[in-house]
Amino acid sequence: MSTFETIKNDETVKTYITKADESLCALGFTEHSFAHVTRTAEDAGYILKTLGYPERDVELAKISGYLHDIGNLVNRSNHALSGAVMAFNILGPLGFSADEIATITTAIGNHDEATGVPVNHICAALILADKSDVRRTRVRNPEISSFDIHDRVNYSVKKSVLKINEDHTLIKLKLTVDTKYGSVMDYFEIFLDRMIMCRKAAEELKLEFKLIVNEKQLI
């Protein structure tokens with residue numbers, strides 16, 4: 001049975017992730033390479049494992065997280081849809097079943113806040129994992145004086161943690177923000193749609209979403 005490790009070790013997948021991130025780098029976007037997709041995969045898996053979903057569902061969530069941004073290879077616009085089609089063509093030859101391919105491509109195709117909807121638990125886990133990856137190390141611009149708002153917001157986040165409480169009723173995104181570089185209002189200006197999507201994704205998992213910044217609950 002093909003696994004998350006199968007995907008991680010596949011040379012085609014490695015190439016697509018690398019080339020997709022090169023395109024985003026040329027466009028001035030933050031890091032979307034192996035650090036981002038690995039963290040997204042691990043957090044998506046953590047969510048479903050913590051909530052007691054079957055191990056294979058955990059595996060499919062991790063695969064969805066690892067592949068979710070390959071569509072940026074084609075174009076940033078509609079990258080969720082092109083990424084789903086690319087994943088469809090990758091997964092078949094690697095031995096995934098039709099049902100699993102459908103599940104993974106559905107999650108990838110619905111992860112972007114512009115068009116996506118958390119239609120199932122694997123998709124919901126991917127959304128929460130992807131949208132919570134805000135951190136200083138994603139910023140590639142070496143010149144602080146020339147930061148745009150996305151650089152400022154990401155650079156201001158010294159630490160981000162996604163955590164489900166012991167009662168499995170809440171999922172919290174806890175951010176430690178250095179307001180010297182970006183304000184909380186800056187965060188909401190560019191991430192409000194993402195936080196709304198996180199709330200909907202949490203609801204699909206029968207959870208309540210909370211955003212906590214510098215120990216203060218904002219959502």
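What's counted below: heavy atoms across the whole structure, side chains too, no hydrogens, waters or symmetry copies. The residues of the chain are indexed from 1 along the displayed sequence.
- The minimum heavy-atom distance linking A61 with A44 is given by the pair O-CB, 3.8 Å.
- By the 4.5 Å heavy-atom criterion applied to side chains, L211 and Y187 are counted as neighbours.
- T169 and N165 form a side-chain donor-acceptor contact under 3.5 Å, judged by distance and modelled atom types alone.
- Tracing side-chain contacts under 4.5 Å through hydrophobic residues (I, L, V, M, F, W, Y), one never reaches L126 starting from Y66; they form parts of separate clusters.
- With E208 contributing its side chain and I171 its backbone, the two residues share no donor-acceptor pair below 3.5 Å.
- In the hydrophobic cluster analysis, where Ile, Leu, Val, Met, Phe, Trp and Tyr join through side-chain heavy atoms closer than 4.5 angstrom, F4 is grouped together with V37.
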Start with the C-alpha distance between H150 and D186, add both sets of side-chain angles, then the distance that settles side chain to side chain contact (heavy atoms under 4.5 Å, CB included), and finish with yes or no. CA-CA 9 Å; H150 288 85; D186 284 340; over 6 Å; no

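- No cation-pi contact links R152 to Y181, judged by a cut-off of 6.0 Å to the six-membered ring centre and 45° from its axis.
- Between S132 and R39, the shortest heavy-atom contact is O-NH2, 4.3 Å.
- Shortest non-hydrogen contact noted between R194 and F191 is NH1-CE2, 2.7 Å.
- No side-chain donor from either of T176 and N214 sits under 3.5 Å from a side-chain acceptor of the other.
- With a 6.0 Å radius and a threshold of 12 heavy atoms from other residues, nucleotides or ligands, E215 has its CD atom at or below the threshold.
- Counting only heavy atoms from C-beta outward, the side chains of L128 and L205 approach each other to under 4.5 Å.
- The shortest non-hydrogen separation linking A80 to I108 is CB-O, 3.4 Å.
- In this structure, H68 has its ring center no closer than 6.0 Å to that of H79.
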Working note: L207 + L51, criterion side chain to side chain contact (heavy atoms under 4.5 Å, CB included); need CA distance, chi angles, decisive distance, verdict. CA-CA 10 Å; L207 298 171; L51 295 176; 4.0 Å; yes

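- For the atom pair C25 SG and N72 CG, the distance stands at 12.5 Å (nearest 0.5 Å).
- In this structure, T40 contributes its side chain and G65 its backbone to no donor-acceptor pair below 3.5 Å.
- S160 places a side-chain N or O within 3.5 Å of a backbone atom of V134 that can act as its donor or acceptor partner.
- Placement of I196 and I127 in two distinct hydrophobic clusters is found when ILVMFWY residues are connected by side-chain heavy-atom separations under 4.5 Å, directly or transitively.
- Looking at N78, its side chain never comes within 3.5 Å of a backbone N or O of L81 through a donor-acceptor pair.
- Applying the 6.0 Å contact sphere to NZ of K172 captures no more than 12 heavy atoms from other residues, nucleotides or ligands.
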Salt bridge (charged side-chain N to carboxylate O under 4.0 Å, His left out) assessment of E31 paired with R135: CA-CA 10 Å; E31 179 267 323; R135 52 187 162 81; 3.0 Å; yes

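- Annotation for K163: atom NZ does not count as buried by contact number, only 12 or fewer foreign heavy atoms lying within 6.0 Å.
- Taking CG of D112 as the start and CG of D69 as the end, the distance is 9.0 Å to the nearest 0.5 Å.
- The shortest distance between side-chain heavy atoms of I122 and Y53 does not fall below 4.5 Å.
- The backbone N or O of A129 lies less than 3.5 Å from no partner atom in the side chain of D133, so there is not a single donor-acceptor pair.
- Of the N and O atoms on the side chains of H32 and D21, not one donor lies less than 3.5 Å from an acceptor on the other residue.
- M197 and L162 sit in two unconnected hydrophobic clusters of ILVMFWY residues. Membership requires side-chain heavy atoms under 4.5 Å apart, directly or through other members.
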Quick one, H121 with L48, criterion side chain to side chain contact (heavy atoms under 4.5 Å, CB included). Give me CA distance, side-chain angles, the key distance, then yes/no. CA-CA 8 Å; H121 59 289; L48 294 193; 4.0 Å; yes

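- You'll find the side chain of L67 stays beyond 4.5 Å of the side chain of Y16, heavy atoms only.
- Under a 3.5 Å cut-off, the side chain of S183 and the backbone N or O of T179 do not form any donor-acceptor pair.
- Side chain of Y46 to main chain of I164: a donor-acceptor pair is present (N/O by atom type, distance under 3.5 Å, no hydrogens or angles).
- R136 places no side-chain N or O within 3.5 Å of a backbone atom of V157 that could act as its donor or acceptor partner.
- Salt-bridge check for E11 with K14: passed, with a basic side-chain N closer than 4.0 Å to an acidic carboxylate O.
- Side-chain heavy atoms closer than 4.5 Å link hydrophobic residues (I, L, V, M, F, W, Y) into clusters, and following such links, possibly through other members, connects L94 to L60.
- Residues D148 and D151 form a side-chain contact, since some pair of their non-hydrogen atoms from C-beta on lies under 4.5 Å apart.
- Counting heavy atoms from C-beta on, the side chains of L91 and I7 come closer than 4.5 Å.
- For K200 and E113, the salt-bridge test fails: no basic side-chain N is under 4.0 Å from an acidic carboxylate O.
- Here the side chains of F209 and E203 are not in contact, with every heavy-atom distance at 4.5 Å or above.
- Judged purely by atom type and a 3.5 angstrom limit, D10 has no side-chain atom pairing as donor or acceptor with the backbone of T6.
- Rounding to the nearest 0.5 Å places OG of S23 at 8.5 Å from CG of N75.
- For the atom pair NE2 (H168) and OG1 (T50), the distance works out to 6.0 Å, reported to the nearest 0.5 Å.
- Taking CG of L173 as the start and CG of L175 as the end, the distance is 4.5 Å to the nearest 0.5 Å.
- Contact record, N110 with C123: CB-SG, 3.5 Å, taken as the closest heavy-atom pair.
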Yes or no on side chain to side chain contact (heavy atoms under 4.5 Å, CB included) for V13 and I90, after CA distance, side-chain angles and deciding distance? CA-CA 8 Å; V13 171; I90 292 168; 4.0 Å; yes

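- Residues V177 and V153 fail the side-chain proximity criterion, which asks for heavy atoms closer than 4.5 Å.
- Under the 3.5 Å distance criterion, with hydrogens and angles disregarded, no donor-acceptor pair is assigned to the side chains of R56 and T3.
- Across all non-hydrogen atoms, the minimal contact from I70 to A87 is CD1-N, 4.0 Å.
- Here CD1 of I101 is found 11.5 Å from OG1 of T106. Values are rounded to the nearest 0.5 Å.
- Annotation for F88: atom CZ does not count as buried by contact number, only 12 or fewer foreign heavy atoms lying within 6.0 Å.
- Although no hydrogens or angles enter the test, the distance criterion places a donor-acceptor pair under 3.5 Å between the side chain of K131 and the main chain of H111.
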